[in-house]
Amino acid sequence: MPEATERPVRVRYAPSPTGDPHVGNIRQAIWSWLYARHTGGQFYVRLEDTDQSRSVPGSLERILESLRWLGIDWDEGPDIGGPYGPYTQSERLPLYREAADRLLAGDYAYRCFCTTEELAAMRERQKAEGTLPGYWGVCRDLDAGVVAERAQRGDPHVVRFKMPREGTTTFNDLLRGDITVENRTLDDMVILKSDQFPTYALAHPVDDHAMQTSHVTRGEEWLPSAPRHVRIWDALGYPRPTFVHMPVILGADGGKLSKRHGAKFVLEYAEEGYLPDALFNFLTILGWALDDHTEIFSHERLIEVFELNDISVNPATFDQQKLEWMNGVYVREHTPEDELAEMFARRLERELPPDVPRPIDRSLVEEFAPLIRERVRLLSEVTDLVDFFFQPEVTPPPAEIFLQKRWKDDAEGAASALDEAAKALDRLDDTGEWAHEAIEAVLRDLADRLELKPGDLFTLCRLAVTGKRITPPLFETMDIVGVGPTVERLRNAASMLRETASAGAR
RNA sequence: GCCCCCAUCGUCUAGUGGCCCAGGACACCACCCUUUCAAGGUGGGGACGGGGGUUCAAUUCCCCCUGGGGGCACCA
């Protein structure tokens, strides 16, 4: 919680353009955004593209698209600019160079000419000997004249920060309190690479200071290097920001959620039929809680109550089943009817077989939407549940599906029951009462007359009319399918059963 | 190997010294409702990792152990 005397809240999402953001990563963006909105501060996006070799073209667009899909907006960013721009690190190179020069001049940093081979050998030796890993090389104490000469000659080199060798370093993490480490464990990390690009260790303080970031929110994997970062902030003369190291998310296998450990891209969830609000809600409460009972939150409510302090520090396991449950809650309780129909329609438009004419019938979708919303957890389940509404004819399932329980070995009985149903419904139509209540009455009456358990008759009808065992409620379904197709499908199924029976008899 | 962080049901969590023989949610099981499938309802099993302290009193505070996670690049 910022006190009145503190700076206004400015937080950021600072991804690298190395591909699509996945859920582990995006939760940090959600929490940061929530905090900015909660405090009335700003949220901005900054692209950390200082490693040219790892850059994946198109990443930025995918990143922004992921944010947009989740309903996260930004006040400043690479696409829209802002008062502290540019928001792409590769466009800010002179700033880093200048900072590095300043550190060099103040004897806070030095040029290092060690080659990658030498460094690799050093690491190997440390590993073999079990000594403290890190750069404890000779360049730190190189003679000033030699350095000047080699630099002059154009020898490739990097700039390293000179960490203190004695004493301790303490910094504060909002969620964990003070953390202190021995300086002898801090090695001299590279801040400017030989290609003149900065490393994160330099770009981060330079930008977060220049962009007035109040809270440095980042993943817990940065915790071990935070003491070194803090030293650089201090050397640069920048007041330290508030550090918030957010816990990592664990995959089902117990490892940090990443592509190797089952992480999925945000947009993959869209593809698989998750609703953005459901994913947003789920991710927010994964590792954060308001109280002992609230699980479902609107964005507005979250903005109202979200506090960084309530984030729990232990890593949470991503629970796919709970996400699915929550998506179901959103489908049936937290999405307006028309929006839901729109989502169903978009899905069907894509997934229905090509012989179904496009655009698909929207009013039809609106009719059955209320029937299926409580039996759909993921949008991807929709097509399989309702495709028969769009097909002029339905192929009945094989006879053995019909001939179960009451109908075992009684194809003729089943066929005649279907014919009776067709007849009764056809008659119902003549009276002009084609509505689900009337359909139900007629079929219940028929079951009674045939001395059948209602369920035994309904099951036959369901299979005949929809071609499936699992369907929306039967009478409403028949109502929507219409009397013509309904009667026809019942008769088709009946004759199919008789044909199969006689074929089997022969 | 070294450094850092963490530790309540299978999972996510509530709990900040007595309200807790620990509450909620997902998942699981049973029953109810029922035209299938869902949804819904009711009930059930299920946790404070271990050992030392501190205290009249520890899930809550301290230490050790154990366990889990993270990090040790001219990557972020």
Side-chain angles (χ1 to χ4, degrees), chain A residues 14-18 48-51 53-54 112 114-116 119-120 123 126-135 156-160 173 175-176 179-182 184-187 189-201 203-204 218-227 245 247-248 250 252 254-256 282 285-296 312-326 328 332-333 372-377 381 385 440 443-444 447 453-459 461-463 466 468-475 477:
Chain A
S16 308
T18 51
E48 311 226 317
D49 63 340
T50 55
D51 185 356
S53 63
R54 291 205 318 157
C112 172
C114 292
T115 64
T116 47
L119 295 174
R123 264 193 293 278
Q126 289 162 349
K127 199 169 178 185
E129 293 170 2
T131 52
L132 217 48
Y135 184 80
H157 64 274
V158 300
V159 176
R160 286 185 187 274
D173 176 83
L175 303 176
R176 291 159 249 260
I179 293 171
T180 301
V181 298
E182 302 274 339
R184 53 175 205 83
T185 66
L186 307 181
D187 74 331
M189 67 200 318
V190 173
I191 57 175
L192 201 66
K193 304 183 243 184
S194 53
D195 63 2
Q196 300 294 302
F197 274 64
T199 60
Y200 176 88
H204 141 63
R218 53 167 37 159
E220 189 183 353
E221 64 272 19
W222 289 108
L223 212 47
S225 50
H245 291 94
V248 296
L250 270 25
K256 182 176 100 170
F282 175 77
I285 66 164
L286 184 67
W288 176 89
L290 172 65
D291 53 33
D292 65 349
H293 63 278
T294 317
E295 304 257 298
I296 304 296
S312 65
V313 285
N314 50 330
T317 306
F318 192 89
D319 185 349
Q320 184 68 28
Q321 280 185 315
K322 188 159 184 174
L323 204 212
E324 273 177 39
W325 162 78
M326 188 172 282
R332 78 184 95 89
E333 294 172 33
I372 64 166
R373 74 183 307 171
E374 71 183 22
R375 42 207 105 217
V376 165
R377 284 158 85 92
E381 298 162 4
L385 197 56
E440 178 167 4
L443 292 180
R444 281 190 187 283
K453 282 197 290 186
D456 289 331
L457 176 62
F458 299 162
T459 298
C461 293
R462 179 189 326 282
L463 290 166
T466 68
K468 305 172 191 300
R469 304 186 220 234
I470 299 172
T471 73
L474 182 60
F475 314 118
T477 296

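Order of the sequence lines fixes the chain letters, A, B, ..., with proteins taken first and strands second; residue numbering starts at 1 for each chain. Side chains are part of it too, since the values below use all heavy atoms of this structure and drop only hydrogens, waters and symmetry mates.
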For B:U35, the Watson-Crick or wobble counterpart (both distances under 3.5 Å):
none

In whole angstrom, give me the gap between the C1' atoms of B:G1 and B:C19.
48 Å

Is the phosphate of B:U35 approached by A:R444 (side-chain N or O, under 4.0 Å from OP1 or OP2)?
yes

Side-chain N or O of A:N314 closer than 4.0 Å to phosphate OP1/OP2 of B:C12:
no

Please give the nucleotide sitting opposite B:A7 as a Watson-Crick or G-U wobble pair, both distances under 3.5 Å, or none.
B:U66

At less than 4.0 Å, is any side-chain N or O atom of A:R54 found next to OP1 or OP2 of B:C74? Yes or no.
no

Rounding to the closest angstrom, what is the interatomic distance between B:G70 and B:C32 at atom P?
47 Å

State the pairing partner of B:G1; accept Watson-Crick or G-U wobble contacts with both distances under 3.5 Å, and report none otherwise.
B:C72

Taking pairing as Watson-Crick or G-U wobble with both contacts under 3.5 Å, can you name the mate of B:A27, or confirm there isn't one?
none

side-chain N/O A:K193 vs B:A73 OP1/OP2, d < 4.0 Å:
no

Check this one for me: any side-chain N or O of A:T116 less than 4.0 Å away from OP1 or OP2 of B:C74?
no

Testing B:U36, B:G71, B:C3 for proximity to the side chain of A:R375, the answer is B:U36

If only side-chain N and O atoms of A:T317 are considered, is one of them under 4.0 Å from the OP1 or OP2 phosphate oxygen of B:U11?
no

Watson-Crick or G-U wobble partner for B:C19, using a 3.5 Å limit on both distances?
none

Respond yes when some side-chain nitrogen or oxygen of A:T50 is under 4.0 Å from OP1 or OP2 of B:A76, and no when none is.
yes

Please state how far atom CD in A:E129 lies from atom C1' in B:C72, giving the value in whole angstrom units.
16 Å

So, applying side-chain hydrogen bond (donor to acceptor under 3.5 Å, both in side chains) with A:H245, which one of A:E221, A:R218, A:E220 is it?
A:R218

